[in-house]
Amino acid sequence: MASADRARPTNKFTFTITITSSAAMAALLPAFHSLPLPIAQLSLAVVLKCGQSFRWTVLPDADDTEYRLCLRDRVVCLRQSPTTLFYRAVYPDPQPTPTQQALRDAETLVWLNDYFQLDIDLVTLYDEWSVRDPVFARMQSRFQGIRVLRQDPWENLISFICSSNNNIARITKMVQALCTQYSPPLLSFPGEDAKYHPFPPPSVLSEPGVSATLRSLGFGYRADFIHRTAKMLVGIHGKHNPSEASESWLVGLRNTTTDEAREELLKFVGVGRKVADCVLLMSLDKKEVVPVDTHVYQIAMRYYGLKGTSSSNGKKVNMSSKIYNDVSTKLFNVWGDSAGWAHSVLFTADLKSFASYGLPTPAGPTSSPQKILMQKDLLPTLSMAPLLSPLKRTHSEVIVDNPMNAGDDASLTLSLAERVKRRRRVA
DNA sequence: CAATAACCGCGA
DNA sequence: CGCGGTTATT
């Protein structure tokens with residue numbers, strides 16, 4: 001391993017090379033590396049399937065579920081134990097040199113750190129929210145490891161245009177169909193049929209006929225939104241097209257204020273306040289933003305003393321701009337400058353059935369007594385059981401330089417510089 | 001501004 | 001019939 005040759009006494013980083021029990025597979029695929037990471041900091045089982053990203057493949061296994069995501073040049077594979085995150089990346093070409101592989105592994109680690117925002121201490125945040133909010137304090141232990149992913153803005157924007165009037169299962173199918181239809185397969189795994197497709201770039205989705213094709217794939221009215229949004233983005237921000245300048249423009253919104261970025265997002269078709277706020281929170285670093293949908297509205301009304309807009313009759317009241325703002329502002333005031341992250345915890349908890357965990361109704365004057373119903377069959381859904389069993393693997397430890405310090409690699413340096421810049425802006 | 005309809009497809 | 005929403009129209 002080339003990076004191990006470099007003498008870097010400081011910031012040594014320990015990780016584990018994992019040898020799978022199948023020698024044949026080990027020969028074809030790179031081994032898993034490991035990263036010490038308490039499950040309270042990240043729960044893959046919840047975070048990857050709770051409606052943030054819709055593109056993770058899950059390979060269920062009673063003991064050891066694997067999660068895979070196809071990036072532009074590699075497929076990232078993850079597994080998890082209560083104390084450790086296991087990762088590897090698989091590439092299209094068959095046999096990279098050990099040096100190539102080591103560099104790629106280092107890149108993948110940088111990507112992981114960025115995508116999961118691992119420099120943010122989730123446990124400390126949970127504590128802070130608990131101090132500010134008794135409701136959060138009461139349920140936090142049940143929902144550990146729920147953090148906001150830092151996703152690609154373009155992919156995130158299109159995914160959430162798909163989310164209108166929709167559910168996670170179908171959004172997942174639609175995004176999958178979109179990738180299969182509009183980007184060539186990157187690779188498939190040895191002995192497996194499934195092909196892994198990256199997310200298609202804006203230029204591809206802006207081509208003629210995309211709307212009709214997506215409609216035939218069951219996208220409904222969202223087909224036009226996606227096509228038109230892609231055309232707008234490429235037409236306005238991708239004029240000179242040195243490989244997708246429009247995507248870079250979207251990424252650049254990370255360096256603008258929340259209001260400015262939201263204003264830009266709202267210009268696209270199919271993007272209203274809710275979708276815009278999701279993109280702001282989940283891919284543009286605006287972690288104070290609280291997206292409001294009907295679920296969040298219900299939660300705010302029930303547990304945070306927001307008055308339901310005089311719907312004394314059981315009438316269904318639409319989400320007006322005023323209601324949206326009231327709810328979003330209220331929850332921001334409850335949770336503070338990382339309110340969007342707290343919202344994600346509560347929202348995910350709600351997906352798994354909020355009431356079944358015996359949350360108290362607030363004691364405030366605006367609250368009405370609510371009967372908490374114990375719901376059957378919902379509790380096991382959140383169980384971490386698959387992750388608690390011992391792993392069927394053997395480990396041998398090696399010490400290498402922390403790839404985060406590999407200052408002689410341009411791509412790593414760039415990523416790190418970008419991160420530092422981002423943190424500085426937040427602070 | 002608040003309220004209503006239309007949009008698409010899927011599941012209850 | 002209703003949905004984790006947006007757009008267009010009153």
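In what follows, chains carry the letters A, B, and so on, assigned in the order in which the sequence lines appear, proteins first and then strands, with residues in each chain numbered from 1.
With respect to A:Arg262 and A:Asp259, a salt bridge is recorded, a charged nitrogen being found less than 4.0 Å from a carboxylate O.
Checked against B:dC8, C:dT6, B:dG11, the side chain of A:Lys173 finds its nearest nucleotide in B:dG11. Among the nucleotides B:dC8, B:dA2, C:dT7, the one closest to the side chain of A:Lys322 is B:dA2. For A:Val275, the side-chain atoms get nearest to C:dT6 when compared with the rest of C:dG4, C:dT6, B:dA2.
Rounded to a whole angstrom, the distance from the P atom of B:dC8 to that of C:dT9 is 16 Å. On the C1' atoms, B:dG11 is 22 Å away from C:dT6, given to the nearest whole Å. On the P atoms, C:dC1 is 15 Å away from B:dA5, given to the nearest whole Å.
Here B:dC8 presents its C1' atom at 19 Å from NE2 of A:His227, a figure rounded to the nearest Å. Nucleotide B:dC1 holds its C1' atom 13 Å from the CG atom of A:Asn325, rounded to whole Å. Across the protein-nucleic acid pair, A:Asp326 atom CG and B:dC1 atom P stand 13 Å apart, rounded to whole Å. Counting to the nearest Å, the P atom of C:dT6 and the CG atom of A:Leu157 are 12 Å from each other. The separation between A:Met319 atom CE and C:dG4 atom C1' is 9 Å, rounded to whole Å.
Base-pair partner of B:dC8: not found among the strands shown (Watson-Crick or G-U wobble, both distances under 3.5 Å). Partner assigned to C:dG4 is none, using Watson-Crick or G-U wobble distances below 3.5 angstrom.
Close to C:dT6, at under 4.0 Å from its OP1 or OP2, lies no side-chain N or O of A:Arg222.
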Item to complete: Kindly determine whether A:Arg150 and A:Tyr115 satisfy side chain to side chain donor-acceptor pair (under 3.5 Å), including the steps that lead there.
Response: CA-CA 5 Å; A:Arg150 189 173 195 241; A:Tyr115 185 79; over 6 Å; no
Item to complete: Might you work through the side-chain contact (heavy atoms from CB on, under 4.5 Å) test for A:Leu78 and A:Glu66, ending with a clear yes or no?
Response: CA-CA 6 Å; A:Leu78 302 180; A:Glu66 181 165 331; over 6 Å; no
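For the pair A:His295 and A:Leu266, nearest-nucleotide mapping onto DNA chain C gives the more 5' position to A:His295.
For A:Tyr221 against C:dG5, a side-chain N or O and a base N or O form a donor-acceptor pair under 3.5 Å.
Using a 4.0 Å heavy-atom distance criterion, A:Asn167 is classed as making no nucleic acid contact. At the heavy-atom level, A:Val296 lies nowhere under 4.0 Å from the strands shown. Nucleic acid contact for A:Phe268: sugar-phosphate only, since backbone atoms but no base atoms lie under 4.0 Å from a heavy atom of the residue. Within 4.0 Å (heavy atoms only), A:Ile161 reaches no atom of the nucleic acid at all.
The distance from atom CZ of A:Arg68 to atom CG of A:Leu48, rounded to the nearest 0.5 Å, is 14.0 Å.
Within 6.0 Å of CG on A:Asp93 lie more than 12 heavy atoms contributed by other residues, nucleotides or ligands.
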